[in-house]
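One structure is given below, encoded as structure tokens.
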Amino acid sequence: MDLRFTPEEIAFRDEVRAFFRDNVPAKTREKLIAGRPLDKDDIVTWQRILNKRGWAVPNWPVEWGGQNWSPVQRYIFDEEMQLAPAPQPLPFGVSMVGPVIIAFGNEQQKKRFLPRIANLDDWWCQGFSEPGAGSDLASLKTRAERKGDRYIVNGQKTWTTLAQYADWIFCLCRTDPAAKKQEGISFLLIDMKTPGITVRPIVTIDGGREVNEVFFDDVEVPVENLVGEENKGWTYAKFLLGNERTGIARVGLSKQRLRRVKALAREVGLMDDPRFREKVAAVEVELKALEMTQLRVVAAERHRKDKKPDPFSSILKIKGSEIQQATTELALEVAGPYAMPYVPPQEGRNEPPIGPEWAAPLAPTYFNWRKVSIYGGSNEIQRNIIAKAILGL
Amino acid sequence: MDLRFTPEEIAFRDEVRAFFRDNVPAKTREKLIAGRPLDKDDIVTWQRILNKRGWAVPNWPVEWGGQNWSPVQRYIFDEEMQLAPAPQPLPFGVSMVGPVIIAFGNEQQKKRFLPRIANLDDWWCQGFSEPGAGSDLASLKTRAERKGDRYIVNGQKTWTTLAQYADWIFCLCRTDPAAKKQEGISFLLIDMKTPGITVRPIVTIDGGREVNEVFFDDVEVPVENLVGEENKGWTYAKFLLGNERTGIARVGLSKQRLRRVKALAREVGLMDDPRFREKVAAVEVELKALEMTQLRVVAAERHRKDKKPDPFSSILKIKGSEIQQATTELALEVAGPYAMPYVPPQEGRNEPPIGPEWAAPLAPTYFNWRKVSIYGGSNEIQRNIIAKAILGL
Amino acid sequence: MDFDLTEEQRLLKESVERLLADRYAFEQRQAYQKSPEGWSRELWRAYAELGLLGLPFAEEEGGVGGGPVETMIVMEAFGRALALEPYLSTVVLCGGILRRTGQKELLPRIADGSLLLAFAHGEPRSRWRLDHVETQVENGRVTGEKAVVLHGDSAEKLVVSARDGKGRIGLYLVDAGATARRGYPTQDGQRAAEIRLDGTPVEAVLAEDGMPLIERVVDEAIAALAAEAVGAMTALQELTVDYLKTRKQFGVPIGTFQALQHRAVDMLVATEQARSMAMFATMMAGEEDAAERRKAIAAAKVQVGRSARFVGQQAIQLHGGIGMTAEYKGGHYFKRLTMIDQMFGPADHHLERLAEAGGLFD
Amino acid sequence: MDFDLTEEQRLLKESVERLLADRYAFEQRQAYQKSPEGWSRELWRAYAELGLLGLPFAEEEGGVGGGPVETMIVMEAFGRALALEPYLSTVVLCGGILRRTGQKELLPRIADGSLLLAFAHGEPRSRWRLDHVETQVENGRVTGEKAVVLHGDSAEKLVVSARDGKGRIGLYLVDAGATARRGYPTQDGQRAAEIRLDGTPVEAVLAEDGMPLIERVVDEAIAALAAEAVGAMTALQELTVDYLKTRKQFGVPIGTFQALQHRAVDMLVATEQARSMAMFATMMAGEEDAAERRKAIAAAKVQVGRSARFVGQQAIQLHGGIGMTAEYKGGHYFKRLTMIDQMFGPADHHLERLAEAGGLFD
């Protein structure tokens, strides 16, 4: 047992850190620090910088551009990316549909889609949730009816993040309505330009427009866009959702945010207040503990024989989301009265700010960040998973 | 709406306060302040002082010694008693079996038992819980078999508070084993001197011996000791448990404890620490809110048509127990390292104390007070009650 | 002790609630918010007709002689409706100052709805400190910057705090038109403004030594906000319970899951504790002993802020995604509750004050 | 980075656990506790045979040259077993001081189990301040009072802190028999003593300027206690889950109730967060940069204390009445965890220290 990084791991960290320091575009970095939303161009540009360096899809197999890194290296890479801060690659392609295609897709699909995912030539979005299927995802209703060499898709997806930019959507659709709930679901890849698809933005309480409803009205999908076997989509979805949970602790992001909170609090004199200082320190302690917990999960990965997600990752989800939310509350307190003005992010770039410029995004970030304990399997669902899978209750 | 006491209510408060100030025996008062256990004599003496003044059983009907006070007067009386501090009358006679006998007993039972309860000539204890029947009280198994003019009682009760001093026990027994769970239960009054009764103390984690197991081995109980109708005991028990909840907020007790915490904290210099000071203030805020909530429940009593317990009293139980527990934690922090020595309460009276004398009972009180969120219907059960009765879930 | 409303209070409550039920449905509220002023002039007139705008004023001042309980009733109803009008600024804060500083001729104009005011006190560097005033008054002219002035954009007159040559913080009435204002919406859909005064002439000296009065009206405003928060919390808590009863997942209403039931119970408990402290604040808002009053109001702000935070966050959590959408009322309650906690300083700020002052029980 | 135990560490863990499983069942533990000394000499000899008593000492000092990880392994097992022996006092605290102050001839006697020591540092008025020492040393004699000295009653020698004429806090070895001692049990069934020194002769001067060493060994002791707490918490958390599976109410195991399931999950999460911080403390216990080490150890004490409190309280709550009885193991874990939180200062005390030192991330 040696709980420190090896010299090799430190060398790797330094390499990664230097790359991020030198290559994240300045305006992107500033937006991230300020908590202002990135636009499409920021995201695409960064993904291509990563891809050029060979780091766009490090977790994929080497033949598709992966890096064969150890779990610790992957952890270091993610951590440094958040600390830089650099934009985290959109998960929909790189961490969700990509691994599903790699694990369950056919050769043709791999060749067609994977390189374009790595370079963000295709922007993917996720078509899982429906108005009636949230925590109970398997009760989804969107139909895909086989007609010859096409599926005809009808139904509605919701909470589809950044669908407004998307070229493709991966969808869970019901292909056998007679089958039991989890059975009869298929995993389809759908071109967003297909006729019959309508995207309607959902305005969120922070004023953001990052999620959407996506309606399917007799949308024709070629059968070659089915991943794996028909009616086996639930298996692929579970595989995907398991992958989703491990990255969600976001230790680096929370570290970066706490540093910023402390810097701003110093600026307004709030770090002289023992009460506030201790509130920050309490979150730091939780975060340090989470970091160690995450490292333990990462280190344990090499002992795992199956590819199933470690139920311990549900702990990372619960604590990670709580800590992220706590950092947004601390920031709100730092803002003081200037938490109140609402300055829409799109407009007003030429107007002077109201109060200190950094204050404007803090309340919206607090509001918006309530989502992290809801999405990706709500924290209540995570507790159900732990109760069953770890405690045997 | 006028949220202040009326001049009459203030006059009543002053009268009660003066009586407590002048009549609580000094050694009893000192033990209460220090958190040391009272002995039997302390309790009996005080009850008789109250009885002499006519205040032993104020909530009973006037013909049995009651005072016909308004709900606000009763509140003031309880509050002042806790603030004095004076011992709270043992609930088992005055608040539990007494009201049951008044509501459901026959004339003979009333004459026989009520005056002796008021004067604590009979010490009562409660025979409800069983090893297998805690939160699920109705699953109790103690049998009472009718044989001529007697019941033959066999079984076991547990968590019987102060049974070691008791003259009588009121018991829920199963008289119809064939009936459904809540039916077939009867409410029996049993003389503790009857052959076949064994009392075994349960030592608790604080080293105390206030609770017991009570075993019944072919115990003969005359049928005249049945309260109300056979097999209707569950109704009487629910009536009793509803009464139990209302007094459980113990606002006056927590106020008295917080004052003591602050006084001791000042003594050791801890009130100069903003962190500790704010922890105390946070509990004070909760307590003030609870006091107002209790007053609202008290004031609403006169609008209640039925005699059923107000489900709002479950809020009083939850918050009251949490606050009481919080005060014991604050006290533990005040003790500092001198929280650690264990000084048995019985012995060592002649030895000098270890550290400051006030420190010794603080950790045991913290340990012991964990019970208040368990007994009288655990806080989880109270949440179930509120979810159903108030929220309709 | 009497928690029952008097007949007059009951009638007041019913008429306010009826008005808001009729004319302040969520869709209407959203339309008012999107209008140029960000609130409804029409409703303002309706409030005037109901006597709400002169509620705390004596009858000879065009008012109805109400006290803190009446204000509590109205604010709780506003909280439920998420009302947007400048009631706190004009009636509670500025009305509270004017009726105590001999400006009786303005009160009837507040009461009849023809005069809007704002309390221009906070400054860019003051945060929550009431005694941090850099704005100067000299020779009857005021110069300085005022920050996040609630409804400062629509006010015709401003009550401005400023420091005189002797270092005293005074209160001065100025014409809002004689200042440079930049209005904007707040996070919860209300309005505020940044205001710059540059030798703005004083119309009336309200108080040369204004700190005690500032503290007093801010305490009254906090009591009023506490009631508003309780209204919003109650509505949000009810909305959440309704959602738990109707939303189905796994084939059953999600309100059948015990963990969610218990959370809903904790929301109720938090709401009731806040209601109790809003009542306590109402009871103590008129307390003449300033030290006692301040402790009580601070305590109420602590409880209301903590309850607001818990109820708001849990309501969003229990609603899942729907609670995050702008078109659902729940999220707007959450935002308003968040901002009420912030206004005049969040819970922990007041806990600090309360603790420094020795706490509640001694 | 490597969280796996080495082969030697795995063997150590197995052998300690086996020993305790065989000879430290709860009933045996209660018997040891009731014995006059309050712990088991026999087990002490068994620890010596296993090499535990010389764990941190070099081989030439009669030890096995173990580091913080080895101590963590042993302490976690002790936590699980609720072991009563004076390991922390003799090996971790006093051993840690003696091996750094040239007292190498005593180390083999600790290692072979023939010498018991206690760290007499705290005083009646010191509370948790490490630098509050009123005890005086003058002309080779020590005078003063030492409070709540862990296992001070059975120790043969004491490491005493005392202030010299220059105001320096030094460390001195004295014969325990030359002091006036009053031993007593602690709340968690361990032992401690009040000790009075009245011109007690110094046997050896360990350090004239001892504060850095005091801080260092206390940090090591906190790291060791963190591991012990994790052992106790883990066992208590498992005990609770077992109880939820077996205890029936309303015709079903109470572990089927979702509210209790989620509570059990939160206990697990708290335990795992504490385990992580115990590891962090272990990793940082050897850190030479005292400021960094102190922050890390303070952070670990915060997390361990908070987790211990939560797990302990919830375990009792979920057990209901049975958890309150002295004859059930669960309550003893709760008491031990409560006392570990107190030892060297509770969680909030260390949070204050950590915050004053600037926090963890910068």
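In what follows, chains are A, B, ... by sequence order, proteins preceding strands, each numbered from 1.
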### Query
Does the salt bridge (Lys or Arg N to Asp or Glu O under 4.0 Å) test come out yes or no for B/R296 and C/E272, once each step is laid out?
CA-CA 10 Å; B/R296 287 164 53 205; C/E272 293 305 326; 2.4 Å; yes
### Query
Roughly how far apart are C/D2 CG and B/L295 CG, rounded to 0.5 Å?
12.0 Å
#### Entry: chain C contact via B/E8 - which portion, at a heavy-atom distance below 4.5 Å
neither
### Query
Atom CD in B/E286, atom CG in C/L360: separation rounded to 0.5 Å?
11.5 Å
### Heavy-atom contact with chain C under 4.5 Å, split by part of B/R266
side chain
#### Entry: Within 6.0 angstrom of C/K329 NZ, more than 12 heavy atoms from elsewhere
yes
### Task
Pick one of side chain, backbone, both or neither for B/K262, based on which atoms fall under 4.5 Å of a heavy atom in chain C.
side chain
### Query
Considering only heavy atoms from C-beta outward, does the side chain of C/M283 approach that of B/D2 to under 4.5 Å?
no
### Query
Nearest heavy-atom pair of B/L393 and C/K245: which atoms, and what distance?
CD2-CG, 3.8 Å
### Message
Given heavy-atom pairs under 4.5 angstrom as the criterion, report whether the side chain, backbone, both or neither of C/M267 touches chain B.
### Response
neither
### Query
Side chain of B/K288, backbone of C/S276: donor and acceptor closer than 3.5 Å?
no
### Task
Return the minimal non-hydrogen interatomic distance between C/V265 and B/A387, and the atom names on each side.
CG2-N, 3.6 Å
### Query
Can any side-chain N or O of C/Q261 pair as donor or acceptor with the backbone N or O of B/N384 at less than 3.5 Å?
no
### Task
Against chain B, work out which of C/R275, C/H262, C/E352 has the most heavy-atom pairs shorter than 4.5 Å and name it.
C/H262
### Task
Quick one: closest heavy-atom pair of B/V285 and C/A299, and the distance?
CG1-O, 3.5 Å
### Message
Tell me if a side-chain donor or acceptor on C/Q9 pairs with a main-chain N or O of B/M1 at a distance below 3.5 Å.
### Response
yes
### Query
Are B/R4 and C/M284 close enough, and set up right, to give a side-chain contact (heavy atoms from CB on, under 4.5 Å), and what steps lead you there?
CA-CA 10 Å; B/R4 292 166 192 259; C/M284 295 296 285; 4.3 Å; yes
### Query
Around atom CZ of B/R29, are there more than 12 heavy atoms of other residues, nucleotides or ligands at under 6.0 Å?
no
### Message
I want to check something: taking the side chain as every heavy atom from C-beta on, are B/Y75 and C/M1 in contact at a cut-off of under 4.5 Å?
### Response
no
### Query
Looking at B/A281, B/A289, B/A300, which one has more heavy-atom pairs under 4.5 Å with chain C than the rest?
B/A289
#### Entry: Contact winner vs chain B - C/L354, C/D266, C/D348, heavy-atom pairs under 4.5 Å
C/D266
### Query
If you count heavy-atom pairs under 4.5 Å with chain C, which of B/K319, B/E278, B/M271 comes out on top?
B/E278
### Task
Let me know if C/E238 has heavy atoms under 4.5 Å from chain B in its side chain, its backbone, both or neither.
neither
### Summary
Shortest non-hydrogen pair, B/K255 vs C/F361, comes out as CE-CE2, 3.6 Å
### Task
For chain B, find which of C/L260, C/T6, C/L268, C/L244 contributes the most heavy-atom pairs closer than 4.5 angstrom.
C/L268
